[in-house]
Amino acid sequence: QVQLVESGGGLVEAGGSLRISCAASGGTLRGYAIAWFRQAPGKEREFVAALSRTGGYQYYGESVKGRFTISTDNGKKTVYLQMTSLKPDDTGVYYCTAGNRVITSSLRSQNAYDHWGQGTQVTVSS
């Protein structure tokens, strides 16, 4: 059973950068689609970024495209989200998730994933 733990969140000024991490235990994430979602207070959970099961394709939400990058380490035990040019609207709890039955058309849907971390808070001040 894969377990996910996020870390690296914090407070950053607008325009700054931050990298958050997601460590997998109980196995690697090889063969898993991996994604980041976020949820701001009073809003629904929003898709941020995803890596396909093969790791060969990246997908991004429109609001973060060109600013955020999703990646993994070589052993696919840790997932990263590098965030640059941060805006106050990027504030929220960021969740890491993984699933080994996710098809391409469902990568942006939170319902497609089986394993979730507890989240890490990212706050961007104006």
Side-chain angles (χ1 to χ4, degrees):
Q1 179 80 354
V2 172
Q3 294 183 324
L4 305 172
V5 178
E6 301 95 334
S7 62
L11 175 64
V12 62
E13 291 185 352
S17 298
L18 192 68
R19 188 178 78 164
I20 57 178
S21 303
C22 172
S25 62
T28 73
L29 295 174
R30 296 188 187 280
Y32 282 76
I34 306 162
W36 289 93
F37 286 77
R38 68 186 182 188
Q39 188 165 21
K43 295 188 177 181
E44 293 187 354
R45 195 168 293 186
E46 173 190 22
F47 170 75
V48 175
L51 272 175
S52 63
R53 289 176 60 191
T54 63
Y57 296 94
Q58 300 174 13
Y59 303 84
Y60 295 94
E62 286 300 316
S63 63
V64 307
K65 198 173 293 184
R67 300 187 297 121
F68 289 13
T69 303
I70 185 172
S71 64
T72 68
D73 63 349
N74 287 337
K76 218 169 180 183
K77 291 277 287 184
T78 305
V79 185
Y80 304 101
L81 184 68
Q82 178 68 49
M83 304 180 288
T84 64
S85 301
L86 283 161
K87 307 174 182 178
D89 283 348
D90 294 319
T91 294
V93 178
Y94 283 69
Y95 297 93
C96 172
T97 185
N100 59 5
R101 295 171 293 177
V102 183
I103 59 176
T104 302
S105 60
S106 299
L107 278 166
R108 291 176 170 83
S109 171
Q110 58 179 316
N111 295 326
Y113 297 89
D114 302 308
H115 308 285
W116 289 83
Q118 82 290 348
T120 187
Q121 175 70 44
V122 173
T123 303
V124 184
S125 63
S126 56

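- Taken together through direct or relayed side-chain contacts under 4.5 Å among Ile, Leu, Val, Met, Phe, Trp and Tyr, Val93 and Phe68 form parts of separate hydrophobic clusters.
- Between Trp116 and Tyr113, the two ring planes are perpendicular [angle over 60°; tilted spans 30° to 60°].
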Check the pair Arg45, Thr97 against side-chain hydrogen bond (donor to acceptor under 3.5 Å, both in side chains), reporting the backbone distance first and the verdict last. CA-CA 12 Å; Arg45 195 168 293 186; Thr97 185; over 6 Å; no
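- Between Val64 and Met83, the closest side-chain pair of non-hydrogen atoms is not below 4.5 Å.
- Note on Ile103: it does not cluster hydrophobically with Leu107, by side-chain heavy-atom contacts below 4.5 Å among ILVMFWY residues.
- Side chain of Tyr60 to main chain of Ile70: a donor-acceptor pair is present (N/O by atom type, distance under 3.5 Å, no hydrogens or angles).
- For the ring-ring contact (aromatic ring centres under 6.0 Å, His included) criterion with Phe37, the lone passing option out of Phe47, Tyr95, Tyr94 is Phe47.
- Ser63 and Glu46 get closest at one heavy-atom pair: OG-OE2, 3.4 Å.
- Atom-to-atom distance recorded for Lys43:NZ and Arg38:CZ is 8.5 Å, nearest 0.5 angstrom.
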Intermediate values then yes/no, side-chain hydrogen bond (donor to acceptor under 3.5 Å, both in side chains), Gln121 and Thr123: CA-CA 6 Å; Gln121 175 70 44; Thr123 303; 3.3 Å; yes
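- In this view, Asp89 satisfies the side chain to side chain contact (heavy atoms under 4.5 Å, CB included) rule with no residue, not counting sequence neighbours.
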Side-chain polar contacts of residues 12-36 - donor-acceptor pairs under 3.5 angstrom, sequence neighbours left out - could you list them?
from	atom 1	to	atom 2	distance (Å)
Thr28	OG1	Arg30	N	3.3
Arg30	NH2	Asn74	O	3.1

Please determine whether side chain to side chain contact (heavy atoms under 4.5 Å, CB included) holds for the pair Tyr80 and Asp73, giving the CA-CA distance in whole Å, both sets of side-chain angles, and the decisive distance to 0.1 Å. CA-CA 8 Å; Tyr80 304 101; Asp73 63 349; 4.3 Å; yes
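- At a threshold of 4.5 Å between non-hydrogen side-chain atoms, the residues Arg67 and Asp90 count as touching.
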With a 3.5 Å cut-off and sequence neighbours excluded, list the donor-acceptor pairs that the side chains of residues 4-11 form with protein atoms.
from	atom 1	to	atom 2	distance (Å)
Glu6	OE1	Gln118	N	2.9
Glu6	OE1	Gly119	N	2.9
Glu6	OE2	Cys96	N	2.7
Glu6	OE2	Gly119	N	3.2

